[in-house]
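Chain identifiers are assigned alphabetically (A, B, ...) following the order of the sequence lines, protein sequences preceding nucleic acid strands; residue numbering begins at 1 within each chain.
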Protein chains: 2
Amino acid sequence: MNAPTAISHLVPESHQREVPAALIDALKSRFGDRCSTAMAVREQHGRDESSFDAPPPAAVIFAESTEDVAAAVKLVSEHAVPVIPFGVGSSLEGHLLAVQGGISIDVSRMNKVLSVNAEDLTVTVQPGVTRKQLNEEIKNTGLFFPIDPGADASIGGMTATRASGTNAVRYGTMRENVLALEVVTASGEVIRTGTRAKKSSAGYDLTRLFIGSEGTLGVVTEVTLRIYPLPEAVSAAICSFPSIEAAVRTVIQTIQLGVPIARVELIDHHTVRMVNAYAKLGLREEAMLLMEFHGSPAGVKEQAETVQEIASEFGGKAFEWASTPEERTRLWTARHNAYFAAVQSRPGCRVISTDTCVPISRLADCLLDSVAEADASGIPYFLVGHVGDGNFHFGYLLDPNAPEERITAEKLNHALVSRALALGGTCTGEHGVGLHKMGFLVDEAGAGAVDMMRTIKRALDPKNIMNPGKIFSL
Amino acid sequence: MNAPTAISHLVPESHQREVPAALIDALKSRFGDRCSTAMAVREQHGRDESSFDAPPPAAVIFAESTEDVAAAVKLVSEHAVPVIPFGVGSSLEGHLLAVQGGISIDVSRMNKVLSVNAEDLTVTVQPGVTRKQLNEEIKNTGLFFPIDPGADASIGGMTATRASGTNAVRYGTMRENVLALEVVTASGEVIRTGTRAKKSSAGYDLTRLFIGSEGTLGVVTEVTLRIYPLPEAVSAAICSFPSIEAAVRTVIQTIQLGVPIARVELIDHHTVRMVNAYAKLGLREEAMLLMEFHGSPAGVKEQAETVQEIASEFGGKAFEWASTPEERTRLWTARHNAYFAAVQSRPGCRVISTDTCVPISRLADCLLDSVAEADASGIPYFLVGHVGDGNFHFGYLLDPNAPEERITAEKLNHALVSRALALGGTCTGEHGVGLHKMGFLVDEAGAGAVDMMRTIKRALDPKNIMNPGKIFSL
């Protein structure tokens, strides 16, 4: 791995490609009011939750159908101008920034649940449907969609970043839960990948190629997802530990024993304090595991007893139970709001989030050394983790007026990623590469594999118009 | 879908590309005895379990390392000659046939289990390791690898065809269970895809692109797999039903209720008879489900009780239990040998296997109409199915001297695939496209998606040397 370099948070304007007036005219003629060049709209679509700044896109198209997306891509392609799909703007990695200029296609109005096949445990949605909306719309079927990144992200965005979240330890990630896609290709053609069958050996796995491709190969316009029966029994528990290590060792042993735990989240003592302040909770300010068990009543009891036993061996306190759905929702909302709680703890800060994921046996090694380094740096941070998957996030809370903090944070992140890669892990478990991890991707995958990605990109998007400048340089 | 056409079982020699003597000389010079041009060796590597015939490859390389594979591919690439990876030869779809001539690379000597990471539930193997060998080598760890196509296939071949088997309903297919690969590309370069982390959002999912690519994009030289703790309790049961429909309805309801059944196989009454004759078993000659439950003792009991209750509603008899490991092995061996039992029931026959997979709610519709058609045709057949996944196989047992039988079988298969596609399914759940389903792939995926596959193939293998003539025509 190369020496750490601070990544500039300002993408130079010189990278911008020209957007001809003729294209804007053509888009306005096709989309009318739904093509906006208002600065406020452009600025809103030119940023995300990352700490990068770039000039906004030249225009924003509000697509309402696959045909809209195809028409926009065709027009944009004629002029070889970049096009960036936009869902709700919750990317953490700069995916939505118009680093080479171009047009943003906002799919948030494509927000229909198109079909629910309760008998087959599948659902087909438009890309602008958010995860919470989906669960709201199917709740009367007794089924649910488990993937839950912190934000109320769009299904299209979650597909593009191969997202996961707290339930992935049991239910998998978008990789496992997307069955089929409709995609508008770089030439504006509409194709379908996959079927509603649970498995298939029919040719190249284009579905998985698009999942995690971050908008660089096409625009997702329809997603068929697996959904699950609501478990017969659910119980959630908190367990406090004398140290992060004790909590992590408990998780490692739980996973190694094959306990089918549904959620197991680490929250460190700093972060518990932030969450307490933000959500007015009275959680014990120690390293904590927040767990959930799904199954039959007997199965849930059995799982919980096994994990309580393991936790006790490592000095974990007695489980505190959240037995009502309301209490559970309150706890999980607090967990999902940890990011916002942290941001509020240092008003005006910008956040650099890490996203390493390692094999479970290496979790303690990776995490503890990184905690020691973060503590030594003096930078305030939060630490949460989907530790059952070996995935955790530091969020360094940076004073935007203190550039040396950014340099320190990038060094911490660099050391963390180097450690994760050396332990057989990945630089990104669920956020994607975007702008921030392009260098890390080469370290992780090797130049040959990244070259293969480039070759695929060039073949499928010869004009380099689909969200260019993300994942790798061309 | 086009009108059914009988696919010729003889691939014309005129498709063969020339293999220059200079290439054979270079291969002999590099590999010595491990480059064979003996006709017996070539013929053995020029066929598989499909009913196709093609001229054999010009030579067979016995690779013993990644370096061997890379060296062979580089030499072959210089002459733009096809190269076909060969594991154990158990493909059902003509994957291994040298339809355009070329060189076979036999990886069966690359049969080492390179590392077992019991703590992380991962293992890394060479591609020639077979599934049974792997389980034998890790059995003292208390872990197992669940994917079990009927044959004792190689892990490389299983990766190439995105294989699954009886355990997939609970443990997933090769798609879900391969974490990382080492691959020799079409230019002879060695790349790695994926890491040992359980999840990752780091760039394009090259791992999934290679899984199911049938040797057309590169040669897999190392595979990192997920393995699982042996369940605390296992119980297997047989249940006989008054009809196939009753058995299938039981399965549909079991899956829809979310029972985490580990295996649920349908065997029709014809096939039970064949299995009884072959394996000297005394199974009741009725449609049957062969099931297995994995979990804690309480969990297994609970699952079995639920399924017994459902089965009884549909007229299923009381479960007959296989309680000892020996009895279970005997039953599952009989299931895995159903193919051979069927072949023996009509000595000298050739088999055309179907492999459709449909959403679970459509299983009865798809299966029952196809049974009626097969019965009406008079062609002997066997019928088994991984019905929990919506996947089943007819095997039409054909007299090689009665060409009209092949035409009838192809018509049956065509009708079955048409039906499966109309129901939202796939032409191949686990066998791959190979030679046999190239037309079906276009019907299923659409011309645009198949063109995208071709574009990827051309970009990654510009000389079209990697197992050419499979999946799609170029």
Side-chain angles (χ1 to χ4, degrees), chain A residues 117 119-120 122 161-162 164 168 173 176 189 191-193 195-206 208-209 211-213 228-229 256 258 296 298-299 302 357-361 389-391 424-433 441 444-446 448-449 452-453 455-456 459-460 471, chain B residues 117 119-120 122 161-162 164 168 173 176 189 191-193 195-206 208-209 211-213 228-229 256 258 296 298-299 302 357-361 389-391 424-433 441 444-446 448-449 452-453 455-456 459-460 471:
Chain A
N117 291 280
E119 289 187 308
D120 293 318
T122 71
T161 52
R162 206 181 292 127
S164 48
T173 72
E176 287 81 23
E189 197 193 351
I191 65 161
R192 288 185 169 273
T193 73
T195 69
R196 290 207 305 115
K198 195 180 151 206
K199 64 182 194 180
S200 171
S201 290
Y204 298 169
D205 192 344
L206 298 180
R208 250 51 57 182
L209 180 63
I211 298 169
S213 65
Y228 295 82
Q256 287 175 347
S296 66
E302 206 168 48
C357 182
V358 293
I360 191 77
S361 73
D389 290 323
N391 183 209
T426 175
C427 66
T428 176
E430 57 182 16
H431 293 170
V433 174
L441 179 65
E444 174 174 332
M452 183 172 281
M453 295 180 201
T455 303
I456 294 168
L460 298 186
I471 307 183
Chain B
N117 290 278
E119 288 187 310
D120 294 318
T122 71
T161 52
R162 207 180 292 127
S164 49
T173 73
E176 287 80 24
E189 197 192 350
I191 65 161
R192 288 185 170 273
T193 73
T195 68
R196 289 208 305 115
K198 194 179 151 205
K199 64 182 195 181
S200 170
S201 290
Y204 299 168
D205 192 344
L206 299 181
R208 250 51 56 182
L209 181 62
I211 297 169
S213 65
Y228 295 83
Q256 287 175 346
S296 66
E302 207 168 46
C357 182
V358 292
I360 192 78
S361 74
D389 289 324
N391 183 210
T426 176
C427 65
T428 176
E430 56 182 15
H431 293 170
V433 174
L441 179 66
E444 175 175 332
M452 184 173 281
M453 295 181 201
T455 303
I456 294 168
L460 299 185
I471 308 183

Exercise. In chain order, what residues pass the salt bridge (charged side-chain N to carboxylate O under 4.0 Å, His left out) check against A/Glu444, with sequence neighbours excluded?
Worked result: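 By the salt bridge (charged side-chain N to carboxylate O under 4.0 Å, His left out) rule, A/Glu444 matches no residue at all.
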For this session: Please list, chain by chain and in numerical order, all residues satisfying salt bridge (charged side-chain N to carboxylate O under 4.0 Å, His left out) with A/Arg162, sequence neighbours excluded.
Result: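 A/Arg162 satisfies salt bridge (charged side-chain N to carboxylate O under 4.0 Å, His left out) with no other residue.
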Problem set entry | A/Ser201 side-chain N/O to B/Thr161 backbone N/O, donor-acceptor pair under 3.5 Å |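 Yes, A/Ser201 side chain to B/Thr161 backbone: donor-acceptor pair under 3.5 Å.
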For this session: Just give me the residue among B/Cys427, B/Gly446, B/Gly203, B/Gly390 that pairs up with chain A most often, heavy atom to heavy atom, under 4.5 Å.
Result: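 Most heavy-atom pairs under 4.5 Å with chain A: B/Gly203.
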Problem set entry | Pairs of heavy atoms under 4.5 Å with chain A: top-ranked of B/Glu189, B/Arg196, B/His431 |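 Among the listed options, the one with the most contacts to chain A is B/Arg196.
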Exercise. Is there a side chain to side chain contact (heavy atoms under 4.5 Å, CB included) between B/Ile456 and A/Leu209 once you walk through the steps?
Worked result: CA-CA 11 Å; B/Ile456 294 168; A/Leu209 180 63; 3.7 Å; yes
Under a 4.5 Å heavy-atom cutoff, which of [options] has the most pairs with chain B?
options	answer
A/Pro359, A/Ala459, A/Gly258	A/Pro359
A/Gly429, A/Gly448, A/Gly212	A/Gly429
A/Glu302, A/Arg192, A/Glu176	A/Glu302

Work out which heavy atom in [X] is nearest to a heavy atom in [Y]; give both atom names and the distance.
X	Y	result
B/Ala197	A/Thr426	CB-CG2, 3.9 Å
B/Val433	A/Ala202	CG2-CA, 3.8 Å
A/Ile360	B/Glu119	CG2-O, 3.5 Å

At a heavy-atom separation under 4.5 Å, does [X] approach chain B through its side chain, its backbone, both, or neither?
X	answer
A/Ala445	backbone
A/Asp389	both
A/Gln256	both

Problem set entry | Spacing of A/Arg208 atom CZ and B/Leu206 atom CG [to the nearest 0.5 Å] |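 If we round to the nearest 0.5 Å, A/Arg208:CZ and B/Leu206:CG are 14.5 Å apart.
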Exercise. Between A/Thr173 and B/Lys199, is any side-chain donor less than 3.5 angstrom from a side-chain acceptor?
Worked result: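 There is no such pair between these side chains.
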Problem set entry | Under 4.5 Å from any heavy atom of chain A - which part of B/Glu430 |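 Contact with chain A involves both backbone and side-chain atoms of B/Glu430.
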